[in-house]
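The next block holds one structure in the form of structure tokens; read it before the comments.
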Protein chains: 2
Amino acid sequence: MKRTGKKIFFDFISKNGLKRSRQRELILDAFLSTDRHMSIEELYLKLRARHPDIGYSTVYRTMRLLVESGIAREFHFGDGQTRFEHLPGGERNDHLVCTRCNAITQFENETIEKLQGEIAASHGFLIETHKLKLYGLCAGCRA
Amino acid sequence: MKRTGKKIFFDFISKNGLKRSRQRELILDAFLSTDRHMSIEELYLKLRARHPDIGYSTVYRTMRLLVESGIAREFHFGDGQTRFEHLPGGERNDHLVCTRCNAITQFENETIEKLQGEIAASHGFLIETHKLKLYGLCAGCRA
DNA sequence: CACATTATGATAACGATATTCATAATTAAA
DNA sequence: TTTAATTATGAATATCGTTATCATAATGTG
């Protein structure tokens, strides 16, 4: 159990009366072993290369569990597919999204977050989370 | 033609060899007469109350035209449904979204936008647009 | 007014996601 | 360790929002 993410997930599993399975571990590994924002289909194809017996539904179901357990987070970038990112290591809510090549870069900015808090407060609003996406052209695509 | 939005839309219609229709005008009116972020279904239900002969498909098609003509803009707030907002009067990219009652309030903040520009610049990124959503509890739901 | 064109509404198709169900795997108890 | 109860799986089907198809109706142009 080298990975923190794995520990969190399997703790979640046992805490909720669920069961460990080969598939869940494989899907978790596939998810943890990439830095990209993978969609279900991408994860499925990646997995199927080595494990042709894994079903599409299982990937869906397991990704839902990863979200519930708090180690993954859903993201929608507007292409109709749900994508997932790692959560441990702090929430990553802010992204630069290239409208040409779809490259996604994350950033964070304390000042912006502070301002968000002030804006919310002035509306009597209590922030749970936020999402900030800057759409445009990345350095590569501008060149 | 009292409304600016109407003029823009029907100019777009004739400029593109399309035709005016009773339905298009009704849908446009329904859209213009609300401040909320309406989904297709909500618009359809609102319309059907007075005009039971309007079809679902026509609402979809017309909303696409409103977006193309530049007077409406799509938004996704994570509930799986596309919602539309008025465009004239400046882009509105920043929202407070209540996770309990789904109320949506817009805001804008120059300082945040300036910081966005700086962040993008430091990545060699050219911003075309942005979306900022603060999720949490609105004043009403906190009480 | 005629005719060519576009719009309509109903229905079917669609893609992403969710659910069903019979079978298989896992865990807890004995 | 075998059993028994429970949960997980994969395949197929259903669902939801959205889009396309198609025959008919409305529009607008000459």
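So you know, we letter chains A, B, ... as the sequences are listed, proteins then strands, and number each from 1. On a predicted model such as this, the values are computed, not experimentally measured, just so you know.
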**OP:** Describe, in one word, how the ring planes of A:H95 and A:H37 are oriented to each other, choosing from parallel (under 30°), tilted (30 to 60°) and perpendicular (over 60°).
**Re:** perpendicular
Original post:
Counting only side-chain N and O atoms of B:T58, is one of them less than 4.0 Å from OP1 or OP2 of C:dG9?
Top reply: yes
Original post:
Does B:N16 use its side chain to pair, donor to acceptor, with the backbone of B:L18 at less than 3.5 Å?
Top reply: no
Original post:
So what does B:R24 touch, heavy atoms closer than 4.0 Å: a base, only the sugar-phosphate, or nothing?
Top reply: sugar-phosphate
Original post:
Start at the 5' end of DNA chain C and walk down; is the nucleotide closest to B:R61 or to A:R22 reached first?
Top reply: B:R61
Original post:
Can you check the A:I54 CD1 to C:dA25 P distance for me, whole Å?
Top reply: 14 Å
Subject >> Minimal non-hydrogen separation, A:F9 against A:S69, with atom names >> reply: CD1-OG, 3.7 Å
**OP:** Select base, sugar-phosphate, or nothing to describe what B:S21 touches, counting heavy atoms under 4.0 Å on all strands.
**Re:** sugar-phosphate
Original post:
Do the non-hydrogen side-chain atoms of A:V59 and A:I54 ever get within less than 4.5 Å of each other?
Top reply: yes
Original post:
Can you check whether B:Y60 has a side-chain N or O nearer than 4.0 Å to OP1 or OP2 of D:dT18?
Top reply: yes
Subject >> Gap between atoms CD and P, on A:E42 and C:dT17 respectively (whole Å) >> reply: 11 Å
Subject >> d(OH, A:Y44; P, D:dT9) in whole Å >> reply: 14 Å
Subject >> d(CZ, B:F10; C1', D:dG28) in whole Å >> reply: 14 Å
**OP:** Would you mind telling me which residue lines up with the more 5' stretch of DNA chain D, B:L18 or B:E41, judged by nearest nucleotide?
**Re:** B:E41
**OP:** Would you mind telling me which residue lines up with the more 5' stretch of DNA chain C, B:Q23 or B:K19, judged by nearest nucleotide?
**Re:** B:K19
Subject >> d(NE2, A:H51; C1', C:dA25) in whole Å >> reply: 17 Å
**OP:** Rounded off to whole Å, could you give me the CG-to-C1' distance for the A:D53 and C:dA25 pair?
**Re:** 13 Å
**OP:** May I ask you to say what B:T82 touches in the nucleic acid, namely base, sugar-phosphate or nothing, with a heavy-atom cut-off under 4.0 Å?
**Re:** sugar-phosphate
**OP:** Specify the separation, in whole Å, of atom CG of A:L26 and atom C1' of D:dT9.
**Re:** 13 Å
Subject >> Rounded interatomic separation in angstrom, taking CG from A:L43 and C1' from C:dA16 >> reply: 15 Å
Original post:
Should the pair A:R73 and A:F84 be classed as cation-pi, given the thresholds of under 6.0 Å to the six-membered ring centre and 45° from the axis?
Top reply: no
